[in-house]
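Data first, discussion second: the structure below is written as structure tokens.
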Amino acid sequence: MLEEFKYLGEELAYEVVVENTNKVADMVEDFLPIPNETFPPVIEGSDTELREMCYNKAKRIYGDPMPEVVKKRLDRELNSIISNGYAVMYIIAQKLVTKSLADGYLVGSRGSVGSSLAATMSDITEVNPLPAHYICENEDCKYSYFYAVGEWGSGVDLPDKDCPKCGRKLKKDGHDIPFEVFLGFEGDKEPDIDLNFSGSYQPVIHKYTEELFGEGHVYRAGTIGTVADKTAYGYAKKYVEENDLDVPSAEVLRLAKGCTGVKRTSGQHPGGVMVIPNYKEVYDITPIQYPANDVNCGVITTHFDYHSISGRILKLDILGHDVPTIIRMIEDITGLDATTIPLDDKETMSIFTSTEALGVTPEEINCPIGSLAIPEFGTSFVRQMLLDTKPTTFAELVRISGLSHGTDVWLNNAQDLVVDKVVEFKDVISTRDDIMNYLLFKGLPPKMAFTIMENVRKGKGLKPEFIEEMNKHNVPQWYVDSCQKIKYMFPKAHAVAYVMMSFRLAYYKVHYPAAFYATYFTTKAQDFDADLIVGGLDSIKQKINEIHELGNDATAKDKTMLTVLEVALEMYARKIKIIPVDIYKSDATKFIVVDDSTILPPMIALQGVGENAAINIQKERENGEFISKEDLRKRTKISKTVVETLSNHGSLNDMSEKNQLSLF
DNA sequence: CAGTCGATTCAGGTAAC
DNA sequence: ATGACGTTACCTGAATCGACTG
Ligand SMILES: Nc1nc2c(ncn2[C@H]2C[C@H](O)[C@@H](COP(=O)(O)OP(=O)(O)OP(=O)(O)O)O2)c(=O)[nH]1
Ligand SMILES: [Mg+2]
Ligand SMILES: [Zn+2]
């Protein structure tokens, strides 16, 4: 630049180019685009409201006065929660859950909040983190017995017992989870509350959050989509092809590498809702925007992504999940309230190690155990783990849940330790909580134990000072190595919540098979090929083999199709069949249980029939029979491809092409 | 009636919990 | 057969269909 300004003369050029620019730079004051403080929402009286709500429920369950363990735990938690300003978060979450339940949609527990008894006592989670215990539900008795921390992995595994005071059968609960996993030792962790809502209900509850805090104070967190490896490679390859360049493949890779990481689009966070307190404006924190491809969907997102504004304002994670949808539907069909299902049912437990309870042989379903279609337990990886570990208790399922999520947790890590007999299955690291508990047991300072746990669960490995401290306290080498390998790890609370739900679904699978498959396929209707599956065992088996033969060439679509087919195979082996789609009787999107051995698929289950088409048919058939294919197409506005699909499947019987009347 | 344009659907890719 | 974290939802671009236009 000095060169450019040479015409001013050396001295003046230096002043203009170097000195003055610096002066201008110095005049600009430093300021942060996003302030570095926290702005929690304030709701008058939420501290006392939370305290009272928790005490009330605790007393209702455990009696008044509360047992010492309960009171101590609750007080310790509430003091930490309230002094760190998180009471509002609990109160809001509680309101959301209440609203959803009132509207008939069960809420699934999720995340680290299950580590908080206050959360259990304010209905935010159904996970009870107290140590294993018995409690008598008799109002006039309320006998309770608590085991020590560490004695039982889960209270539901306790042997059945009658109340020594009144004789009533005791309830068993308590999953033995430390509170600090959620909030840390000094409240310095930024926790969020995660909740699983039914996918179809998620928009409603997002709107409700806005009602609670007022318009202009609630926004969906935005995300930033970038050009990642595959897209970058696609760009580079297309560029080379379109320009007829003859370059080595290394050059294509080099070009691709240059494109990766470039911001491409904005997106919506799966469930993150950011709350702006009433004494602030959004613009104090972040610009806002519509989603990239739709200004009319009613959603406004933050322009900055969650990560860059986290820690400053409150975030609720209101996620959509299929399990609440499934439970809702299966309760409607069977009339059985899922929360009443015993979590120690022997038959249900047995499907995690055998097919017997399903009434089929391993050969028939091509799988030695019965966990297909059970969320997070049905993939071939987890099935193999179940075969290797043969769980018989709830607590073991929880450990398996922990071990089966995250890279280098089981394979290349815990599994080797068990196989090489370095440690037993019960001693390997299966959840975050294991790490903190063990390090505390070994005598590490609490803060350090917590920090190590947080680093390991995020896959950050161990810093030298951590290893030094661990060595000082005689933490064995295998433990240090194991921590170093872990890339991600569940909190126990999350594993417990998910196992509870999976176990309930397993119960339905054993005892209400038709309802189970109907609900399962309803959530997978998009990947369900009714035309193929009505063909029965033979056509299912054939397609499964075809996909297997594809090997590594199988696309993502083939893989999802395979999962559905495996379940369909099992369903047929259990003597339940699918009948053809019926344009008058089939629902648009739901599978209908006709009787114990027959399921009627929805119209959407035909490949090529979209949701709109299916809904239109369902609506229009109320206005009378379709007299011809032409009539069907005109009245429902479906395309001729859809009509053909229906016709080929046999859903239109002998319906004529044109209206008969038009012939005259 | 060919060509254009908007709407709709689907698969692949990405982000996030 | 292998090796394998599982699940959900959004965004883009290509493919397809059907309506409109000149
Ligand atoms: N399988 C799997 N589940 C995940 C993953 N990330 C998050 N989850 C599930 C388990 C978490 O407990 C739950 C909520 O995620 P969060 O990001 O809120 O983390 P979590 O609640 O565990 O900890 P937190 O106290 O919020 O920092 O979602 C993942 O990479 N794989
Ligand atoms: Mg969380
Ligand atoms: Zn009693």
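Proteins get letters first, then strands, A, B, ... in listed order; numbering begins at 1 in each.
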State which of [options] makes the closest approach to the side chain of [X].
X      : options                : result
A/S639 : C/dT8, C/dC11, C/dC17  : C/dC17
A/H269 : B/dC17, B/dT14, C/dG18 : B/dC17
A/T379 : C/dT7, C/dA4, C/dG18   : C/dT7
A/K557 : B/dG12, C/dC5, C/dC11  : B/dG12
A/R633 : C/dG18, B/dC17, C/dA4  : C/dG18
A/T231 : B/dC17, B/dT14, B/dA16 : B/dT14
A/H321 : C/dG18, C/dT8, C/dG6   : C/dT8
A/Y488 : C/dG18, B/dT9, C/dC5   : C/dC5
A/E376 : C/dG18, B/dC17, C/dG6  : C/dG6
A/K230 : C/dG6, B/dA16, B/dT14  : B/dT14

Students often get this wrong, so: under 4.0 angstrom with heavy atoms, is [X] touching a base, only sugar-phosphate, or nothing?
X      : value
A/K559 : nothing
A/K640 : sugar-phosphate
A/S380 : base
A/D317 : sugar-phosphate
A/L411 : base
A/D192 : nothing
A/G272 : nothing
A/N612 : sugar-phosphate
A/K315 : sugar-phosphate

* To do: Answer yes when A/R328 and A/E331 have at least one side-chain N-carboxylate O distance shorter than 4.0 Å, and no when they do not.
  => no
* Asked: Taking the nucleotide of DNA chain C with the closest heavy atom to each, which residue, A/T641 or A/R220, is nearer the 5' end?
  -> A/R220
* Structure fact -> When A/S404 and A/A292 are each assigned the nearest nucleotide of DNA chain C, the 5'-most assignment goes to A/S404
Gap between atoms [atom1] and [atom2], on [X] and [N] respectively (whole Å):
X      : N      : atom1 : atom2 : answer
A/D553 : B/dG12 : CG    : P     : 13 Å
A/Q384 : C/dG3  : CD    : C1'   : 11 Å
A/N293 : C/dA9  : CG    : C1'   : 12 Å
A/Q289 : C/dC10 : CD    : C1'   : 13 Å
A/H307 : B/dT14 : NE2   : P     : 20 Å
A/D408 : C/dC5  : CG    : P     : 8 Å
A/F381 : C/dG6  : CZ    : P     : 6 Å
A/L403 : C/dA4  : CG    : C1'   : 15 Å

* **More than 12 heavy atoms of other groups within 6.0 Å of A/Y290 OH** => no
* Asked: Can you check whether A/S404 reaches A/W410 side chain to side chain, under 4.5 Å on heavy atoms?
  -> no
* Parallel, tilted or perpendicular: rings of A/Y520 and A/F516 (30°, 60°) -> parallel
* To do: Specify whether A/H405 and A/F490 have parallel, tilted or perpendicular ring planes, treating 30° as the upper limit for parallel and 60° as the lower limit for perpendicular.
  => parallel
* Quick one: which of A/V642, A/D531, A/N648, A/D529 gives a side chain to side chain contact (heavy atoms under 4.5 Å, CB included) with A/L606? -> A/D531
* To do: Ignoring hydrogens and angles, answer whether the base of C/dC11 and the side-chain atoms of A/R264 contain a donor-acceptor pair closer than 3.5 Å.
  => no
* Structure fact -> Note: for A/G610 and A/Y306 on DNA chain B, the residue whose nearest nucleotide lies more 5' is A/G610
Given [N], is OP1 or OP2 found less than 4.0 Å from the side-chain N or O atoms of [X]?
X      : N      : value
A/K238 : C/dA14 : yes
A/Q268 : B/dA15 : no
A/T223 : B/dA16 : no

* **Centroid separation A/F591 to A/F528 less than 6.0 Å** => yes
* To do: Can you spot which of A/N196, A/D317, A/D194 makes a side-chain hydrogen bond (donor to acceptor under 3.5 Å, both in side chains) with A/R110?
  => A/N196
